[in-house]
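A short write-up of the structure that comes next.
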Amino acid sequence: MTIALLLALAGLAVLDSTSFGTLGIPVYLMLSLDRSRNSRLLIYLATVTVFYFLVGVALMLGLSTAMNAFGDVLDSKAAYAAQLVLGVGLFALSWRFDPKWRAKRGLPERTFEPRAGGPRTMVLVGLTAGVLEVATMVPYLAAIGMMTTSGLAAAQWVPLLAAYVLIMILPTLALMGLRAVAGPWLEPKLERLRAWLAKHSSSMLSWGLAIVGFLLARDAAAYLFFSPSP
């Protein structure tokens, strides 16, 4: 484990802390709940944190196992062809969420504004946000890839992964603390942030899908069309 790896992971975690699921939705919920019900927001954050940690553990264990068991299959032309189709499909799907694309075709703009509810609702919202967003969180997937290729032992990558997902929710925890001591000053700023996120949420999802689709398609195309023949 190197300092460079730790710094890279910390930087990626900070990027992930600004995603819609780790910052956008909590801001919506924070404005929907009075300060006496912050426990419900904490339930949401705990759900997201545990979800991403378990997904990370599954990926860390699954990637190495899959490579050992299905390395030849995953490195075949058929597998890369399927990856190319998936990448192109995600890139094409990204346009369906692009506000400019929808406006040109007279389609209403998609917006994502979660509503607060009881503890079960908060768990459901957290799980839904995680499932919908995990595939588009490029920094998170890159961090998993870096830890996998670094050959870290479980005793090293488990605490690293735990620290990573905790960093992801630190900005929201800081906002909650600031709101507790400076609510009247902070509320208008949170409302402006909420409005900005509502306006750009569809664009953020569109860009996320486009980036993941492009990276998948580029990797597959490089193997299928530009790699030397065996």
Side-chain angles (χ1 to χ4, degrees), residues 1-29 41 44-67 74 83 86-87 89-91 93-94 97 112 114 123-154 156-175 197 200-220:
M1 190 186 308
T2 65
I3 298 297
L5 175 63
L6 294 176
L7 291 176
L9 292 175
L12 291 171
V14 170
L15 285 177
D16 270 335
S17 71
T18 63
S19 76
F20 193 68
T22 54
L23 183 61
I25 292 178
V27 168
Y28 280 106
L29 297 177
L41 178 54
Y44 169 85
L45 291 175
T47 301
V48 170
T49 303
V50 172
F51 174 83
Y52 277 116
F53 179 76
L54 293 179
V55 167
V57 170
L59 287 174
M60 290 293 296
L61 296 175
L63 283 176
S64 57
T65 302
M67 290 305 297
L74 295 174
Q83 178 180 319
L86 176 62
L90 287 175
F91 189 85
L93 179 63
S94 71
F97 296 92
F112 305 91
V123 171
L124 181 60
V125 172
L127 290 175
T128 302
V131 170
L132 292 177
E133 196 175 39
V134 67
T136 64
M137 292 181 69
V138 178
Y140 181 75
L141 298 176
I144 296 298
M146 290 174 64
M147 287 189 285
T148 302
T149 56
S150 296
L152 301 177
Q156 294 175 304
W157 64 256
V158 168
L160 271 182
L161 182 60
Y164 188 100
V165 296
L166 288 176
I167 290 174
M168 287 171 58
I169 64 169
L170 279 182
T172 297
L173 293 176
L175 283 176
L197 289 168
H200 295 90
S201 59
S202 57
S203 294
M204 293 163 66
L205 178 59
S206 176
W207 274 104
L209 290 171
I211 290 171
V212 173
F214 172 77
L215 292 175
L216 287 173
R218 184 190 64 175
D219 180 62

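- Judged purely by atom type and a 3.5 angstrom limit, Tyr164 uses its side chain to pair as donor or acceptor with the backbone of Leu12.
- Taken from CE in Met147 to CG in Leu160, the straight-line distance is 6.5 Å, to the nearest 0.5 Å.
- In terms of heavy-atom proximity, Thr172 sits nearest to Thr22 at OG1-O, 2.7 Å.
- Ser17 places no side-chain N or O within 3.5 Å of a backbone atom of Leu170 that could act as its donor or acceptor partner.
- Taking all atoms of both residues into account, the shortest heavy-atom contact from Asp16 to Met168 is CB-CG, 3.8 Å.
- Phe51 places none of its side-chain heavy atoms less than 4.5 Å from the side chain of Val165.
- For Leu90, the side-chain contact (heavy atoms from CB on, under 4.5 Å) partners at least two apart in sequence or on another chain are Leu86, Leu209, Val212, Leu216.
- When all heavy atoms of Tyr44 and Leu29 are compared, the closest pair comes out as CG-CD1, 3.9 Å.
- Note that CD1 of Ile169 and OG1 of Thr49 are 3.5 Å apart. Values are rounded to the nearest 0.5 Å.
- Using a 4.5 Å cut-off on side-chain heavy atoms (C-beta onward), Leu5 and Leu152 make contact.
- Put simply, the side chain of Tyr140 gets close to the backbone of Gly56: a donor and an acceptor are under 3.5 Å apart.
- At a threshold of 4.5 Å between non-hydrogen side-chain atoms, the residues Leu9 and Ile167 do not count as touching.
- Annotation for Tyr52 and Ala129: closest pair OH-O, 4.4 Å, computed over non-hydrogen atoms.
- If you take CH2 on Trp157 and CD1 on Ile144, they are separated by 8.0 Å, rounding to the nearest 0.5 Å.
- Between the CG atom in Leu23 and the CG atom in Leu175 there is a gap of 6.5 Å [rounded to 0.5 Å].
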